[in-house]
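Encoded as structure tokens, the structure appears first; notes follow it.
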Amino acid sequence: FPQMEFALVLRELGRRRRMVALGAAIALIAAVLSVYRLDGLSLKPRSLQYSSATTSVLVDAKASVLGNVSQSFEPLANRAAVYANFMTSPAVLELIGQQVGLSGEQIYAAGPVSAAEPRVEQEPTALRRNIEITGETKPYRLNFESQGTLPTITINSQAPTTKMAIALADAAASGMQRYIDKAEDANSVPQNSRVAIRQLGPASGSVVDPGVRKMLAGLVFFVVLGAWCVLMTVVT
């Protein structure tokens, strides 16, 4: 019986080729609009695809502890955990944004999650305004993760392009050092007592899910066409 009903549905659709063709045209339009948006008389791609990048920094002393067996990593590891959360503050984000042509308000930032301390987040207020104006988001994100007993911080970034994601991660590493230098200068901290932020290699990044546009367009096309055929069959 199911095979017979399926055959009847196909025969009915075959008799109404023009209606099926109309449904296919509507499905195609819906698929295009799912990955592009109208901007006047032209189409512009929606920000569905994004890139991510990562780098790490070592929270060290001017006289590095890496080559000194008499010094413990623990004080620096505790300091790294504090820095990882402090990096989400508006003042630090403003320094980071200046290096990549953004304001600090455009950057979403999140610090590490721990059992003892709540997660620290900084919402991008300018990004919210951008959504209201354009109907589209272009997220710039930073995530800072401390490594427990190690004096290191992993910096993960997200941006619309790989170039921007890499630049944002590198800017976070250098922005951390710039902010600490300013604070130490303001408090006249002696040179031998200052903190050194050492970036462990330049950031590397890539596109996340490069086939998302094709997948979404294909899904929308078949869902709309399928719904059209079902509706047409029910009506007839």
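For the residue pair A84 and F144, the shortest heavy atom distance occurs at O-CB, 3.4 Å. Of all the heavy atoms in A169 and S157, the pair that sits closest is CB-OG, 3.6 Å. The two residues A91 and Y179 have their closest heavy-atom pair at CB-CE1, 3.8 Å. The two residues E145 and N156 come nearest to each other via the heavy atoms OE2-ND2, 3.5 Å. In this structure, V100 and A171 approach most closely via the heavy-atom pair CG1-CB, 3.9 Å. Residues A81 and S146 come closest through the heavy atom pair CA-CB, 3.8 Å.
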Checklist line | Derivation and outcome, side-chain contact (heavy atoms from CB on, under 4.5 Å), residues S56 and T152 | finding: CA-CA 7 Å; S56 295; T152 56; 5.5 Å; no
Margin query: The test is side-chain contact (heavy atoms from CB on, under 4.5 Å); show your working for Y83 and V57 and say whether it passes.
Written below: CA-CA 11 Å; Y83 284 174; V57 296; over 6 Å; no
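Remark: M164 CE to S51 OG distance equals 11.5 Å, nearest 0.5 Å. Between the CG atom of L93 and the CE atom of M87 there is a distance of 7.5 Å, given to the nearest 0.5 Å. To the nearest 0.5 Å, the span separating CD on Q177 from CD on E184 amounts to 7.5 Å. Rounded to the nearest 0.5 angstrom, Q158 CD and L142 CG are separated by 10.0 Å. T149 contributes atom OG1, which lies 10.0 Å from atom CG of N78 (distance to the nearest 0.5 angstrom). Taken to the nearest 0.5 Å, the CD atom of E94 stands 9.5 Å off from the CD atom of Q106.
Under the side-chain contact (heavy atoms from CB on, under 4.5 Å) criterion, A80 pairs with V59, I153, sequence neighbours left out.
Results of the side chain to side chain contact (heavy atoms under 4.5 Å, CB included) test with W228 over L22, V20, V223 single out L22 as the only residue that passes. For the side chain to side chain contact (heavy atoms under 4.5 Å, CB included) test with I96, the passing option among L102, I155, L168 is L168; the others fail.
The hydrophobic clustering, which links ILVMFWY residues whose side-chain heavy atoms are closer than 4.5 Å, places V32 and L216 together.
Between T55 and P202, every side-chain heavy-atom pair lies at or beyond the 4.5 Å cut-off.
Looking only at distances, a side-chain donor or acceptor of R194 sits under 3.5 Å from a matching main-chain atom of V189. Under the 3.5 Å distance criterion, the side-chain polar atoms of S52 are left unmatched by any main-chain donor or acceptor of A165.
Within the hydrophobic cluster formed by Ile, Leu, Val, Met, Phe, Trp and Tyr side chains joined at under 4.5 Å, directly or through other members, L150 stands alone, with no partner residue.
Within the structure, salt bridge (charged side-chain N to carboxylate O under 4.0 Å, His left out) pairs that include any residue of residues 154-180 do not occur (at least two apart or interchain).
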